[in-house]
Each structure stands twice: as C-alpha cells, then as structure tokens.
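Down below is the structure, laid out as structure tokens.
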Amino acid sequence: MSDVKKDIKNLRREFQFSGQRLNRSMRLALKSLWLHRLRSLLTMLGIVFGVCSVIAMLAIGEGASSEAQDQIKNLGSLNIILRSAKPPEEQKVSNTQQNLVLDYGLTHLDLRRIENTIPGVSSVVPSRLIREYVWNATHRVDCEIVGTLPAYPEIRNQRVALGRFFTFRESETGANVCVLSGGMARMLFPTESPLGKDVRVSQDYYRVIGVMEAGAQLPGDATAQQGSSSIPVQRMFIPLAAARMQFGETLIKRRAGSFEAERVPLHEITVKAEDRNAVANVSLAIKDLLTRNHKKKDYEMIVPLELLKQAERTKQIFNIVLGSIAAISLLVGGIGIMNIMLANVTERTREIGIRRALGARRRDIVTQFLVEAVMLSGTGGLVGVMLGITLPFLVTHFAGMKTIVTFWSPMIAFSISAVIGIVFGLYPAMRAAEMDPVEALRHN
Amino acid sequence: MSASTIVKLQDVRKTYQMGSVSVEVLRGISLEFLTGEYIAIMGPSGCGKSTMLNLLGCLDRPTTGQYLLDGKDVSQLEDDALSAIRGAKLGFIFQSYNLIQQLSVIENIEVPLYYQGRPEEESRETAVELAKMVGLESRLNHKPFELSGGQQQRVGIARALANDPLVILADEPTGNLDSSSGKDILNIFANLHERGKTIIMVTHDPGIAQLTTRVVRFCDGEVESDVRR
Ligand SMILES: Nc1ncnc2c1ncn2[C@@H]1O[C@H](COP(=O)(O)OP(=O)(O)O)[C@@H](O)[C@H]1O
Ligand SMILES: [Mg+2]
C-alpha cells in the first residue's frame, strides 16, 4: 500500500471528523437559538426582508429592462424611425370650432433627400398610416392601415407567417392586396383561412395575400408605447400607392361634432443604416436635414440604438441604487444580529465559564457563537430567498409586470447573508471568548 | 501499590490588583497531594479557598510559585494548554451545579467529551453509563430545571467524571443542598474515593470534613494546619 493512499485515508477520516463536529455544533446552536425562539425570529427578520427585497427588486428591474430592450430591438437597432407629429401650435388651432386643414409632417421631398443625399443609408421605407374600420361580412376591426413598400417586413424585423407580403410589382401598380396582422386575421376570419378572401374598407375591397407573424405585438406604436399593451393595435399592410389612391393625402376625422382634416404626406419613414457605426452619423445628418427643411418641428425621430444605450445606462443606475439599498438593508440586518449576539453573550456568560472549565478553548467558544450567528443569518437568508423568488411571481400575476429571477441573484443574496453572519457575529463571539473563565463562572 | 504525588504546590502566591491596591490572597502555599487522597479544604470565608481551588483547577494561574500537576509544571502555561489540561485531567463540581440550561441531562454529561473530540456514539455510551452510576437513568432527557437540587448535583458529578479525570475538584458541593440530598452526594464521593479517585473538596462543615482522609485548614491565605487520618 502506497503512502499516498494512506495519506488520503487519514485525510478523509479527518474530514469526516470535522464534518461530524460541524454537524454537532450546528445542532447545539439550534438548541440555543430555540431557547429564545421569538428573539431569534425577530433577529432573522432583518435579513429575511433584506434578501427578499434584493431578489424581488432585481427581478422586477431585470424584467422591466428586458421588456424595454425587446421593444427597442424589435424596432431594429440599425433603424432610425421618423414620424410625423402634430406641432404643438397647430394643436391649439385645431381645438377651435373652425374647420381647417392641417398641413404638417414628413414629405415625399424629405424621403427623396434622405435617399439621395445621406451617406451610410442602406434602405429607406416610407409609410402612411390610416385609422379605419376593416370588415369581413359582419366582423369588424378597428385597425391601423399601413400603406408601405415591399421592404417593410425586412426593415422592421417582422415576418410573414402565412402567404406572402406584396411584391414590388403590386406595390408599383397600387394593387388592392393586403397583409393582415396575426390578431386581426383571427378576428376577421375566426374559422377559416383568410388567404384569397377579400376584406372591405369603406367602399373598397382588398384581397388578403398574407398574414404577419402573431405573438409579439408591433412595438413602436403610439398606443402600445403608452402602456395599454393588453390590447395590441391591429394592422393591415397595403401598397403605399394603393393607400395614396384610396385615401388621398387629406384625412378627415370626426371629433366632438367638428371636422378635423389633416394633410400629412407621409406618416413614417424608416431609415436603415449600413451598420451600427453608421447609425450615429446618419441620424445626425437626418436631423440636420430635417431642421433645415421644416420650419416647425412637425416630426419626431426615434433612434432605437440610442434608446438601447440609454436603457442600458438606466439599468446600470438602477443596479447601483438597488445595490445601495440592498447593502443598507443587509447592514441593518447585520447590526441587528450583532446586537442580539452581544446580548446573548452577556446573558450566557456563566455558560461560557462552565464550558471553559470543562475544557473548551477560546476558539471553541468563538466557533459556537459564530455558528449561531451564521445560522441566524443563513436561515434568514434562506427564508428571504424563498420569499424573494415567490414575490416576483405574485407581482407578475397581480400587477402584470414582467419579472425575471436570474439564477445568480438568489445565490448572491444568500451568500451575502451568510457573510453578514460571519462579519457581525465575529465581534460578539470574540468578546465571549476573551472572558476570563473564573470571572465568567462567578457571573450571575 | 504506593501512592504517588499528583499535585505539588511550591510557595504559591496569588495577588489581586484592585486599582492601586494589591491584595495577596494566597501567601506562600506549599502542599503535596497524593493519588487517592480525599482532601477537605476548610477555613473561614474569604480566606482564599476558592482561589486555591481555581488555581488547582487550572482556571487561573498563580502570580508566583510552582504548580506541578501529574509531574508537569502547569503554573505558567498559555490559555489553550490550560483548556486542554482541564478537559483531559480535571473534573469540576460546583456549589451551584452550573449545568447548561438548554441541554438535557445526557447532553450536559457529554459536554467535556465534546471538547475532547470524542465521537458522538462513544460519548453517548459513556454518558449513559455515568448517569446510571449516579442514579439518573430515568431522567436522561430531562432539562436541569426539571430536576431537584440533589439530582442536578448528581448530573454535575457525572459530568465531572466523564473524562475520567486525575483529580476531582469540588467547591462546597453540598452547600446548596438539604442534608439528605447532601448525604447522597457524599455517599457518591465516598464511593469514588473507594475506587481510588483523588478528590479535593472545599467545605466549611466539620461533619463533612470528618468523612475525608485529610483536612487542610486555611487562614488568611496561609495553611494553618494539615491533618492526615
Ligand atoms: N478577582 C478578584 N479580584 C479581587 N479580589 C478577589 C478576586 N477574587 C477573590 N478575591 C478576594 O480574595 C479573597 C479570597 O476569596 P475566595 O478565595 O473566594 O474565598 P473563599 O475562601 O471564601 O472561597 C476574598 O477576600 C476576595 O474578596
Ligand atoms: Mg468560596
């Protein structure tokens, strides 16, 4: 038999031995903690709440930021999205009883200029948005009709689930074809396939040639961004030329008994940059171009990449704030533990004397009180982890907020709680061990 | 079989510093105890008996002088070494029993074995045996507060015997007991003495001192008389 094997055998015995010892000191600690169960429980609460709130807040923060990032990513990180927006001064005028036509927004000239003069642009897709009812027999859907070009799905990261998007040719000729969003297809054609069927918008019929992928709601939509996310906006895509022919450029809205007409040539222009590095320059150039050509700010510009960066920065700040709150609450928990352990040590001075008389070394006493402190904080941590994992589920269930409990957040929170037990338990434990045995025995 | 020296004190002094005043509590004690002796230490209150017993029990160190326990000088050892000696060679019995309140009878008896690093099953067996010896086999899982004073002191004795000590040190073991429970305790002591244990007991009761083999009288920190019978 080799020496190495013997060594390992000895080592293992020692290991088992210390494992057994740890087990015994833990049971001993449990007995002492159980003696003052209410006090132990209250002491633990600090840690429980600290750990629980850390995990829950992380989960909520993570959920919110992932939702925001998903939305931004869906807009396309290479895209710059321009939208026509009613300038604030015009809004006042429209509130009067006068009937007048509002002229604002992005123009075909803007579109051509962007296409022709800005370097680093790979494609540009304009769209017109018209709010109308779409019918199939008696089924009706309040829908946003998007008049656009065949490149739209590609540039906006959307896929066709069924059939196809309209072709370049259909787009040129302004054919009366349409592609429905998934939800809308289900509403209009609950029992049958919509492909090849016709839908009606006021007097005109459009043949359904495709259905977009359902599921992820179309982000970047005004209503969706305002948070009424439970009812996704339904969309129907038709060729831009068809939209111009059927609806013209002047849209009339009936509102509160008065007419309101707007002339908006293009509602939206999506500009795709060649690569990530080009996004900043392209957006600057567009901004420049639009400020030069528009007297009023009747448009808005959304740069998803910038939003993404901003979201990341926000998340970082959030994490720092969260970290500080966590640190403070755990510190408070730790001080609670220290306080109780100090009282504990004073109260058990005589026990310490007895144990010392019976052969306990200083470090045995340190271990005993340290194990108690760590068990307090560890148990608190464990309960906190369980609550902290449960809480986000409840938040999701009752508040409808997205939450993500990452794998490592309970780990970290629990480890910190255990470390707190060691850090704040150490001083009382040392005080206990420093006591003179004779003095300790004389203590009442 | 001749008795050997187990405890040897040479000019042991203990001085307490109280502020600027120093009080010499033990003033040059020289004594020799043999294995198997049953010793009573007597004297008026405040003459230094407990201080003496604490020194003998390695709970404290003499200010000057030498203390040989089992042939080894233990008078100036460091704390860990003293703990080890207490754990291995000495057994304490206290006037107020000094049991650990949250532990049961059996667990209290096991405490010295725990610090000796004995395996759990072995400790349990030893503790049960000792509990039987002191007549507490039916109270193994009781807590100290559920026992009478006499029973508690019997647990104390069993605990003191757990590590099979060279010397048993008892500071007024019957001081808190009624006479009949006290008698029970003294019977156990007599029993232990018969089995060859060395017992050093502090008492102020001359009737109890009668039962021992040697009476050492203290007065004012000095040995006044030392009588063997
Ligand atoms: N830690 C201490 N500090 C100062 N004086 C002490 C200390 N311990 C004991 N003494 C004093 O030593 C003397 C002897 O005490 P002790 O040994 O307890 O006497 P007894 O013989 O009654 O057991 C007493 O006068 C007591 O006040
Ligand atoms: Mg005394």
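Each chain gets a letter, A, B and so on, in the order the sequences are listed, and its residues count up from 1. This one's a predicted model, so the numbers in the text were calculated from it and none came from an experiment.
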Within this structure, what is the CD-CE distance for the pair A:E347 and A:M341, rounded to the nearest 0.5 Å? 11.0 Å

Quick check on B:E107 against chain A: is it the side chain, the backbone, both or neither that has a heavy atom closer than 4.5 Å? side chain

Can you say whether A:R356 sits under 4.5 Å from chain B via the side chain, the backbone, both, or neither, judging by heavy atoms? both

Okay, B:N54 and chain A: the region with an atom under 4.5 Å from a heavy atom over there is side chain

Indicate yes or no: at least one non-hydrogen side-chain atom of B:P173 is less than 4.5 angstrom from one of B:M201. yes

Would you call B:E146 and B:R139 a salt bridge, taking side-chain N to carboxylate O under 4.0 Å as the test? no

Check whether A:R431 reaches the backbone of A:L342 with its side chain - one donor and one acceptor, N or O, closer than 3.5 Å. no

Do other residues, nucleotides or ligands put more than 12 heavy atoms under 6.0 Å from B:H204 NE2? no

For a salt bridge (charged side-chain N to carboxylate O under 4.0 Å, His left out) with B:D80, tell me which candidate from A:R363, A:R362, A:R361 qualifies. A:R363

Turns out that what part of B:L82 lies under 4.5 Å from chain A's heavy atoms comes down to neither

Please look at B:Y114 and chain A and tell me whether the side chain, the backbone, both or neither of the residue comes under 4.5 angstrom of a heavy atom of that chain. both

Heavy-atom pairs under 4.5 Å with chain A - which of B:I100, B:I85, B:L59, B:D79 has more of them than the others? B:D79

Toward chain B, the part of A:Q368 with a non-hydrogen atom under 4.5 Å: side chain

